[in-house]
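Okay, so here's the structure we're looking at.
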2 protein chains.
Amino acid sequence: MRQGSTTLELEATRERVLDAAEELYYGRGVQAVGMDAVRTASGVSLKRLYQLYPSKAALVEAYLRRRDARLLDGLARYVEAAPGPPEERVAAVFDWLYEWFSEPDYRGCAFINSYGELGATTPEVAAAARAHKEAFQRYLAGLVEAADLPAALAAQLALLAEGAITTAAISGTPEPARQARAAARVLMDAARGAVGPPL
Amino acid sequence: MRQGSTTLELEATRERVLDAAEELYYGRGVQAVGMDAVRTASGVSLKRLYQLYPSKAALVEAYLRRRDARLLDGLARYVEAAPGPPEERVAAVFDWLYEWFSEPDYRGCAFINSYGELGATTPEVAAAARAHKEAFQRYLAGLVEAADLPAALAAQLALLAEGAITTAAISGTPEPARQARAAARVLMDAARGAVGPPL
DNA sequence: AGGGTGGGAGAACGATAGTTCTCGTGTGTT
DNA sequence: AACACACGAGAACTATCGTTCTCCCACCCT
């Protein structure tokens, strides 16, 4: 424990590793990326890498955990900054999606991708995907409630968002965010028009 | 070309191989399944396997091609059998989804899963996913047009369906099909109410 | 009946990946 | 100044996988 081993530097190295891992895993898929690629991209030696994360599985878990937190934080910050009535905040979710889809390296939802790749063989990955989607739904449900809209609307809006996420990835255009936003507005208006039944 | 080599038997063996490959690839992910597992599951020797499909990539392509055809055929047959006005056929799409999601081994859309796993490294897989989703959208667009609904509705209904597909996979329940169906009906009603603008 | 051919089982081969080990070097401590 | 430790670079080890090869048996035709 001489030099470079302060807790702070350790944490900074962890971040560097996660930065590299995230870009590689998200961009190419988890299985397609070896530990050596993470080492090269991060500039952290294999030895230190395995000190920080005792196995690739642990690194993958950390990648998903951080991505979950960052995505939801980013969404919340974006929505919080959106002006207008609560209903407008719900619509802002889809604007956020549009910006996300427009990023040049957009390749869909890391959790859905990981689920398809590893969900069947690695229960932790399946659990991470479930947790992430549940957290997203909870957040949406909060917005829906704040807008005084029926609770059942949240699940429907989530479906639109999820559909937009995969459709944008596969088709390669951010347009699905717009279509989802328009559909969301129709659903909200309809729910407003008749508060009780139409679900 | 003696025995067992008639074109018919060849085709039957191909189907056996594809049956095994489909179950394994869909259930565990493509990368997680080796050629040896396909050989064991199908009972077809490695030599014959490589005669029928010259590489794993070729087998994967055949798997996706057949799955594409079967899914869309199954959907079309289901919808065609649905009684009622054209609008009811659109709703039937979501009933079909519900049945699909209820299958015990349901694990989401093979194309989305393959895209997440291999789309970045294997352009053929990305293309297959795109083609499949486009075909699905085209089919939906046909139903929407037959129901005299605005064309833009098709994309929105597709988003609901896609969202339901991944949400049902990750959450493990078929409920998203119901929620999507309800939302679809609201969208259709709204489009009917005001034929031109609300898109 | 006998030989040649097709086919099956599984070994073999080369590549890749996850993980660990070795070696050399530089640095802080005594 | 010398030692001890930590670290980086990369080899090494093991397992797995895609693909091919070898060996052998059984069958069909003459």
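A note on names: the letters A, B, ... follow the listed sequences, proteins ahead of strands, and every chain is numbered from 1.
Every residue meeting the salt bridge (Lys or Arg N to Asp or Glu O under 4.0 Å) condition with B:Glu22, not counting sequence neighbours, appears here in chain and number order: B:Arg66, B:Arg67, B:Arg70. Applying the salt bridge (Lys or Arg N to Asp or Glu O under 4.0 Å) rule to A:Arg181 yields the partners A:Glu88, A:Asp95; only residues at least two apart in sequence or on another chain are considered. Residues satisfying the salt bridge (Lys or Arg N to Asp or Glu O under 4.0 Å) test with A:Lys56, not counting sequence neighbours, are none. When the side-chain contact (heavy atoms from CB on, under 4.5 Å) test is applied to B:Ala135, the partners found at least two apart in sequence or on another chain are B:Leu72, B:Arg138. Qualifying ring pair (Phe, Tyr, Trp, His ring centres under 6.0 Å) partners for B:Tyr53, counting only residues two or more places apart in sequence or in other chains: none. Every residue two or more places apart in sequence or in another chain was checked for a ring pair (Phe, Tyr, Trp, His ring centres under 6.0 Å) with A:Tyr26, and none qualifies.
Here C:dA9 presents its P atom at 11 Å from CZ of B:Arg48, a figure rounded to the nearest Å. As rounded to whole Å, 12 Å separates atom C1' of C:dT16 from atom CD of B:Gln31. Rounding to whole angstrom units, CG of residue B:Leu52 and P of C:dG7 are separated by 10 Å. In this structure, CG of B:Leu49 is placed 13 Å from C1' of C:dG7, rounded to the nearest angstrom. Residue B:Gln51 contributes atom CD, which lies 11 Å from atom C1' of C:dG8 at whole-angstrom precision.
Within the structure, salt bridge (charged side-chain N to carboxylate O under 4.0 Å, His left out) pairs that include any residue of residues 112-128 of chain B do not occur (at least two apart or interchain). Contacts classified as salt bridge (charged side-chain N to carboxylate O under 4.0 Å, His left out) and involving residues 27-36 of chain A (residues at least two apart or in different chains) are not found. For residues 130-182 of chain A, the ring pair (Phe, Tyr, Trp, His ring centres under 6.0 Å) pairs, not counting sequence neighbours, are A:Phe111-A:His132.
Stacking of B:Arg185 on the aromatic ring of B:Phe94 is not recorded, the 6.0 Å distance cut-off and the 45° axial limit not both being met. B:Arg107 forms a cation-pi arrangement with A:Tyr115, by the criterion of a distance under 6.0 Å to the ring centre and an angle within 45° of the ring axis.
Overall bending of the helix from C:dA1-D:dT30 to C:dT30-D:dA1, expressed as the angle between end axes built from five pairs apiece, is 20° (10° steps).
Against DNA chain C, the stretch residues 21-30 of chain A makes no heavy-atom approach under 4.0 Å. DNA chain D lies under 4.0 Å from at least one heavy atom of each of the following residues of residues 34-47 of chain B: B:Gly34, B:Met35, B:Leu46, B:Lys47.
When distances are taken from the side chain of A:Tyr50 to each of D:dC7, D:dT20, C:dT20, the shortest belongs to C:dT20.
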